[in-house]
Every structure is written in structure tokens, then in C-alpha cells.
Amino acid sequence: MPVPLPRPPALLKGLVAVVLAAAFAVQAVAALLPHVPLLLAATAVSLATEGALYRWQRGVLSLFAKSHADITVRHVLRDLLLVVALLRLGEQDRETVYAPLVAGLLAFYALHCAIQAVSVLVRRTRTLPVVTRNIDAAALRLSPAPAVLLRRPGHRLLVFGLPATAGLLASVPGDQPVCAAAGIALSLALALTGLGALLLRLLPGRRPAGEQEVLEWFDGWLAAYRPTVGLYFSGGASSAYQANMWLEPLAELDGRPVIVLRERFMVQKIAATDIPIVCLPKVSTLMRLEHSTLQVLIHPSNSGKTSQVLRIPTIKHTFVNHGESDKLSSCNPYAKAYDEVWVAGPAARERYALAEVGVEDKDVVETGRPQLDGVTPYAGPPAGTWTTVLYAPTWEGWDGNPGNTSVVEAGENLVRALLADPGVRLLYKPHPLTGSVDPRAGAADLRIRELIRAANRERGEARPPAGAELAARAAELDRLTTSVFRAGADTVERMLVQSAPEPGRAEAVARATAAWEEAYWASLPEGEHQVVTDARPALYSCFNAADLLISDVSSVISDFLASGKPYAVANTSGLPEDAFRAAFPTVAAATVLTPDAAGVPDLLEAVRHPEKDGLAEARAALKLRLLGPAEPSSQERFGEAVRALCAKARDHRARVAERLAAELPGQRTEAALPTAPR
């Protein structure tokens with residue numbers, strides 16, 4: 001696992017800013033003296049620093065912009081100082097010789113401003129009110145995006161203005177305006193070419209459909225596709241996993257599912273799926289769903305924008321959460337805003353009742369966890385040389401509670417204790433948000449990774465290159481799940497590339513994923529510890545490979561119980577063990593580990609010798625409480641819950657239509673309340 005590159009320290013950022021400012025100061029002094037070698041050197045340093053800023057330190061650029069010293073100002077100043085130097089080197093009567101050069105520079109900067117203005121107009125024409133994926137949107141006249149150089153003013157000015165600056169610089173030693181004139185002419189030609197290329201995209205036949213045309217197309221698509229159930233999601237870039245875990249259960253439902261997003265960037269964060277995806281950033285566009293056939297929206301998380309879609313009266317809403325645990329976030333008072341709350345088993349129903357957050361028991365539906373149908377059950381103690389232990393701690397959470405994650409207080413102790421056992425193979429899978437709130441968690445995570453790397457070095461097993469089978473499986477899976485975009489592709493171009501999928505792609509992805517996972521685990525050297533941070537292998541695949549889980553109070557515990565395998569929970573809450581078990585029911589069948597990890601050897605002994613495992617029956621009982629019965633399957637119960645809520649939505653629409661017809665005789669209501677498909 002490569003060590004992540006550290007962020008550049010503030011001192012280095014300040015040093016780069018000082019170098020650029022000093023280069024301008026030296027250039028000014030050299031132009032006024034005039035001193036040709038010093039001028040050449042200062043200008044070269046200035047240009048090189050600009051390139052370094054755009055390549056490695058974008059944050060410094062924003063600081064310059066806030067100081068009203070953006071790229072345009074800096075470039076004008078650089079060229080102006082070169083013109084001053086030429087005037088100082090030449091005779092007084094030659095000022096008229098350089099006047100056309102100054103005029104040419106002014107014309108170039110005017111063109112730069114014009115390109116930027118037209119670029120903004122082009123970007124607006126390509127900012128559609130609806131963004132789609134897995135939908136044929138060719139009717140919207142989609143096209144590839146303009147070149148990146150034409151859309152980024154900083155890069156554009158550096159590239160287009162380089163010939164002018166180089167020409168002026170070349171004219172200084174010999175006092176020859178010909179080089180400057182040639183360089184400025186080339187910059188003007190580049191600017192005119194770029195402006196023309198952008199102007200062509202504003203022609204009626206070259207730009208995408210307008211806002212009203214897109215909305216009419218979207219209404220037509222809704223009428224043709226006739227969606228029945230959807231997944232609604234809004235959140236930050238790192239929260240996409242919350243929606244992705246529900247993709248497969250959604251795809252296996254009867255009816256016509258759809259995914260509704262609110263942030264444009266989230267369209268690419270959703271994992272591979274054949275389900276149509278629509279992103280509706282504006283509330284006014286979102287409200288068009290009211291007049292569609294959509295009956296139920298499933299919500300895996302709460303967000304500020306959730307309240308907007310809850311205002312649609314023709315749709316029933318259910319909260320399924322992105323995992324269940326004993327943490328307070330699993331009983332958020334916001335849940336009472338939904339028509340129903342779907343939980344895995346009886347324990348969650350009891351949790352809501354005890355929390356008294358306004359969720360009535362009649363609105364709680366037990367559906368199981370359909371994602372867990374693929375988790376393999378316990379098949380006995382480790383049969384081979386190695387005992388595979390999965391350490392999957394949660395993150396520190398927003399409230400800063402020290403008991404949320406074990407990484408800070410217990411993580412290193414747990415890992416050391418596990419690595420000290422010669423028969424252990426450790427899989428370390430930290431939460432994606434680890435360190436996002438508490439820097440101590442991020443630092444502890446890095447130290448844990450280094451402990452694992454050191455243990456692998458001591459174990460002395462050289463890691464062989466990835467086998468041909470794994471490479472082939474990965475290539476096939478990437479081909480099926482990855483869309484290849486041209487560099488600089490915008491949302492419109494991505495819509496064009498990610499059109500309606502080929503028939504049967506979903507089944508092919510499922511087969512390819514299973515084949516990749518099998519090849520991945522087979523390719524690992526025996527006994528090598530792993531740090532798992534990539535999207536593959538998934539958490540549930542790690543469940544199947546593990547003999548034991550060590551985690552925190554989180555949904556990972558509930559999910560792992562589907563396997564029936566032993567698990568342990570690190571108690572960093574400061575509570576005595578009895579109070580800890582009483583406070584968190586998911587710990588009832590766990591081995592509780594203290595922060596010093598003293599209980600790890602006995603835990604491993606119980607895993608290897610089931611006759612010493614006194615918690616097997618407790619795990620089976622807790623699995624039933626947390627996840628519900630094994631039959632019917634979770635997917636079947638999930639599908640039945642969807643059908644029942646869809647029926648409620650249809651009944652509600654029918655009652656509203658009857659009432660409107662009685663109150664407003666002679667007026668048509670069918671358009672407002674379309675007949676929903678069954």
C-alpha cells in the first residue's frame with residue numbers, strides 16, 4: 001500500500017508566493033536600470049513559478065486572486081515590464097516603433113477577456129437542468145465539451161500569452177522589435193482561433209437543447225419509462241457509499257426503478273448500475289416528479305435537501321438508512337418525517353420506541369438487510385494455517401465522542417496484539433471518513449498502516465506480481481463498470497458517453513465481480529496482512545474471507561452477524577463492561593476488548609477452538625433480533641414492503657382524485673394525478 005503524499009506545508013506555500021513576488025520585484029528593477037541578464041533571469045523564474053503553481057499549488061493561486069493579483073494582472077505586469085525595458089534600452093525617438101507592440105498586447109488581452117466571456121456563455125448553454133446516466137438523451141443534441149484550454153482562463157492565458165512574452169524577452173538583448181512583433185502576432189492568432197471555436201458552439205445547431213426543451217424531454221421520458229420506485233440521495237462526495245449499498249436490492253425489485261440525485265458531481269459517484277439515474281439540482285425541476293407515475297422514494301440518508309422532496313404529496317417516502325447500529329444517529333428524530341421507516345429486525349423497532357423521537361410503531365416495517373443475502377454463513381473454525389481477522393473500525397463521528405471509534409485509543413494496541421500472533425493474517429479496513437473530523441484518528445490510522453507494513457517485512461514473504469488471471473478479471477470488470485471519458489469532459493459529454501446500457505450488462509457485472517473477488521483472494525500471498533482501502537474488495541467480501549471481526553459500535557457489527565462468525569467490540573467509551581453491554585445491545589454476543597487489547601489472545605483461542613466459544617448461541621439469538629428471520633429472504637421482505645407502500649401511494653392518489661372531482665366538477669384532474677402503474 002503506497003504511503004499517501006503529505007500536503008505541502010504552509011511554509012512551502014508561503015515560500016512559493018515570496019519567490020513569485022520577488023521575481024516581479026527584480027524584473028521591475030532590471031527593466032528600469034535596464035539590466036538585460038537580470039531581466040531575463042527574473043522573467044524566466046517568474047514564468048517557471050507560474051507553471052509550478054498551476055501544477056502543484058492551486059491554493060496559492062486563490063490567495064493571489066483574493067488579493068486582486070490574479071493571472072491576468074500578473075501576466076499584464078510581466079509583459080508591461082518587458083515593454084518598459086525595451087523602451088529604456090532604445091532611443092527616445094524609437095518609442096513610436098514600440099507603440100504597435102503595445103497596441104498588439106492590448107488587443108491580445110482584450111481577446112482574452114472576450115474568450116472568457118464567451119466561455120462563460122458556452123458553459124451556461126451546457127449546464128442542463130437535468131443530468132442523466134443510463135438514459136438515451138441523444139435528443140438533447142449532446143456534444144463533446146470544448147477543449148480544457150479554452151475553459152480555464154489561467155491555463156489559457158499562460159499558453160496563449162507565452163509567444164508574446166517570449167517574443168518580448170527575445171527582443172530585449174538585441175533591441176530588435178521583430179521578435180516581439182512575431183510573438184505578439186502568434187498570441188493574437190491563437191486567441192482569435194480560440195474565440196472562433198467557442199463562438200461556433202453558440203450557433204443554434206451546435207449547442208445543446210435549451211432549458212425548456214430539456215424539461216419537456218424529461219417529462220416525456222418520465223411518461224414513457226413510467227417509474228414506480230426510486231432511490232433518493234443527496235450528500236457529499238465521500239457519502240456515496242450510503243447510496244451504493246442499496247443499488248443491488250433496488251435493481252432486483254419488480255417494477256421500474258430510478259435513482260434521483262441532487263448534486264451533479266454525485267452522478268459519477270454512483271457505482272456501476274443499469275438503473276436510470278436522473279440528477280435534478282433545482283427544486284422546481286424536482287417538483288416535476290409530482291406529476292409522474294413514481295409512487296415510492298427510498299431514502300438511505302438524511303440531508304438538508306431531503307425536506308424538499310418530502311413536499312411532494314403524490315409520493316410515499318421511506319427511510320432505510322445506510323446501516324443500523326446502536327449509535328444515536330440510527331434513531332434520528334428526522335425519521336418521523338417519512339411515511340415509513342424500514343429496519344432490519346425487532347431490535348431496531350425497539351430502539352425507535354425507546355428513543356421516543358416521534359416514530360410510531362405502526363410506521364416501522366421490518367425488511368431485513370437485503371445486501372447481506374450474499375454473506376456466507378459460518379462454516380467452522382479456520383481450516384488452514386492462518387486465522388484471518390478483519391479489523392474494521394468506524395470513524396470518529398461529528399460529535400467527537402471518544403467511544404465512537406477505537407482507532408485513536410485502542411487501534412494500535414489491537415493491531416500490535418494481532419500481529420504478535422504468528423498464525424494471524426490481518427485485514428485492516430478503516431472507515432472512509434477516518435480522520436475527517438479528528439486529526440488524531442487520521443494520524444493513528446497512518447501509524448497502524450505502518451505497523452502492518454513492518455509486520456509484512458518481518459514475515460519476509462516477497463509479494464509476487466499480480467497474476468495474469470487477476471489482471472484479466474480486473475480488466476474485464478473495469479471494462480464493464482468504468483466509463484472512459486476524454487480529458488476535460490463535462491457533464492454533457494458524460495451524458496453522451498453514459499447513454500442507455502447494453503442489455504444484460506448488470507448480470508455481466510455481477511459475474512465479473514464474483515470472478516474478480518475469487519481471483520483477488522487467491523492471488524494474495526499466504527499470511528500477508530492487507531490494508532483494504534480501495535472500492536474493491538467490498539466490505540462483505542472481506543466478511544466472507546474473515547474468521548473473526550473486530551470493530552466498534554456500528555452497523556458493521558449488525559451486518560457481520562449475518563455470517564454467524566465470532567466478533568469482538570473495542571470498548572473505548574470509558575464505561576464498565578456490564579454498562580457497555582447494557583447501553584449497546586449489538587454488543588450482547590461480542591467479546592468486549594479493553595483499549596489495552598489484553599483479551600486478544602483468549603479471543604483468538606476461542607475462534608480456533610469452537611468448544612471454548614461460549615457466545616455462539618448468543619450470536620444466533622442476536623442475529624434474529626437484529627436482522628430478522630432467515631426465511632423469507634431479506635430481498636423478498638424488502639420487495640414486499642415496496643409493493644405495500646406503492647399500494648398505499650396508489651390508494652392515496654385515488655382518494656385525492658375523487659375528492660378533487662367532487663369539489664371541482666367538470667375539471668380534469670387526470671393530468672395532475674396520473675394513473676400509477678401496478
Side-chain angles (χ1 to χ4, degrees), residues 130 135 215-233 246 249-262 275-276 278 280 283-300 305-320 334-343 358-367 370 632 635-678:
V130 178
I135 298 174
L215 294 177
E216 292 174 357
W217 170 87
F218 179 59
D219 290 341
W221 179 82
L222 286 174
Y225 181 65
R226 296 178 66 78
T228 54
V229 59
L231 181 77
Y232 178 91
F233 189 73
W246 287 98
L250 184 68
E252 294 183 9
L253 291 174
D254 297 330
R256 288 170 291 283
V258 65
I259 298 172
V260 180
L261 306 176
R262 302 301 307 282
I275 302 172
V278 295
L280 312 175
V283 178
S284 58
T285 310
L286 180 70
M287 291 299 113
R288 304 179 92 87
L289 295 177
E290 180 177 356
H291 305 298
S292 72
T293 58
L294 191 61
Q295 302 164 29
V296 168
L297 277 178
I298 298 170
H299 299 257
K305 295 180 180 179
T306 301
S307 62
Q308 297 169 350
V309 74
L310 291 178
R311 290 185 289 174
I312 300 179
T314 58
I315 298 175
K316 292 292 183 180
H317 302 269
T318 180
F319 181 61
V320 295
Y334 199 104
K336 62 176 173 284
Y338 301 94
D339 296 289
E340 292 183 354
V341 175
W342 294 354
V343 299
V359 176
E360 297 186 30
D361 186 72
K362 66 180 180 62
D363 296 327
V364 178
V365 180
E366 297 175 25
T367 62
Q635 183 64 42
E636 291 175 306
R637 284 182 280 157
F638 180 65
E640 179 56 35
V642 169
R643 288 189 292 272
L645 194 54
C646 283
K648 291 182 180 180
R650 292 194 298 270
D651 292 343
H652 174 262
R653 291 190 183 197
R655 290 194 302 272
V656 172
E658 290 175 2
R659 186 171 65 251
L660 289 176
E663 294 175 355
L664 302 172
Q667 296 197 21
R668 295 180 60 84
T669 60
E670 291 84 352
L673 295 169
T675 301
R678 294 181 178 271

- Separation between CG of Leu645 and OG1 of Thr318, rounded to the nearest 0.5 Å: 6.0 Å

- Message: For Gln308, give me all partners under side-chain hydrogen bond (donor to acceptor under 3.5 Å, both in side chains), at least two apart in sequence or on another chain.
- Response: Arg262

- Task: Taking Arg256 for its side chain and Arg226 for its backbone only, find out whether a donor-acceptor pair lies under 3.5 Å.
- Result: yes

- Message: Checking Glu640 now: which residues fulfil salt bridge (charged side-chain N to carboxylate O under 4.0 Å, His left out) with it, not counting sequence neighbours?
- Response: Arg643

- Answer whether the closest heavy-atom distance between the side chains of Val260 and Val309 falls below 4.5 Å. no

- Across all chains, not counting sequence neighbours, the side chain to side chain contact (heavy atoms under 4.5 Å, CB included) partners of Asp363 are Glu360

- Item | Heavy-atom side-chain proximity of Ile312 to Met287 below 4.5 angstrom | yes

- With side chains defined as the heavy atoms from C-beta onward, is the minimum distance between Ile259 and Pro276 less than 4.5 Å? no

- Message: Test side-chain contact (heavy atoms from CB on, under 4.5 Å) on Tyr225 and Thr293; report intermediate values, then the result.
- Response: CA-CA 9 Å; Tyr225 181 65; Thr293 58; over 6 Å; no

- Message: Tell me the closest heavy-atom pair linking Val258 and Pro227, and the distance in Å.
- Response: CG1-CB, 4.0 Å

- Query: Hey, what do you get for NZ (Lys316) to CZ (Arg650), rounding to the nearest 0.5 Å?
  - Reply: 12.5 Å

- For the side chain to side chain contact (heavy atoms under 4.5 Å, CB included) test, which of Thr367, Val364, Val365 pairs with Val343? Val364

- Residues that Phe218 engages under ring pair (Phe, Tyr, Trp, His ring centres under 6.0 Å), provided they are two or more places apart: none

- Item | For Arg637, side-chain hydrogen bond (donor to acceptor under 3.5 Å, both in side chains) partners two or more places apart | Ser634

- To the nearest 0.5 angstrom, please state how far the CG atom of Leu294 sits from the CZ atom of Arg288. 15.0 Å

- Message: For Leu286 and Tyr232: C-alpha separation, side-chain torsions, deciding distance, then whether side-chain contact (heavy atoms from CB on, under 4.5 Å) applies.
- Response: CA-CA 11 Å; Leu286 180 70; Tyr232 178 91; 4.2 Å; yes

- Query: Quick one: side chain to side chain contact (heavy atoms under 4.5 Å, CB included) partners of Ala335, sequence neighbours excluded?
  - Reply: Phe319, Val341, Tyr352, Val359

- Item | Which residues share a side-chain hydrogen bond (donor to acceptor under 3.5 Å, both in side chains) with Gln635, sequence neighbours left out | none

- Task: Mind checking ring pair (Phe, Tyr, Trp, His ring centres under 6.0 Å) for His652 and listing every partner two or more places apart, or none if nothing turns up?
- Result: none

- Item | Aromatic ring proximity, centroids under 6.0 angstrom, Tyr338 and His317 | no

- Minimum-distance pair of heavy atoms, taken over all atoms of Lys336 and Gly358: CB-O, 3.6 Å

- Is there side-chain contact between Trp221 and Val130, with at least one heavy-atom pair below 4.5 Å? no

- Message: According to side chain to side chain contact (heavy atoms under 4.5 Å, CB included), who are the partners of Ala337, at least two apart in sequence or on a separate chain?
- Response: Leu310, Tyr334

- Task: Please test Val229 against Asp254 for side-chain contact (heavy atoms from CB on, under 4.5 Å), starting from the C-alpha separation and ending with a verdict.
- Result: CA-CA 9 Å; Val229 59; Asp254 297 330; over 6 Å; no

- Name all residues meeting the side-chain hydrogen bond (donor to acceptor under 3.5 Å, both in side chains) criterion together with Lys648; count only those two or more places apart in sequence or in a different chain, and write none if there are none. Glu340

- Item | Shortest non-hydrogen separation from Phe638 to Leu250 and the atoms involved | CE2-N, 4.4 Å

- Query: Tell me, do Leu222 and Leu289 make a side-chain contact under 4.5 Å, heavy atoms counted?
  - Reply: yes

- Item | Closest non-hydrogen atom pair between Leu253 and Gly639, with its separation | CD2-CA, 3.6 Å

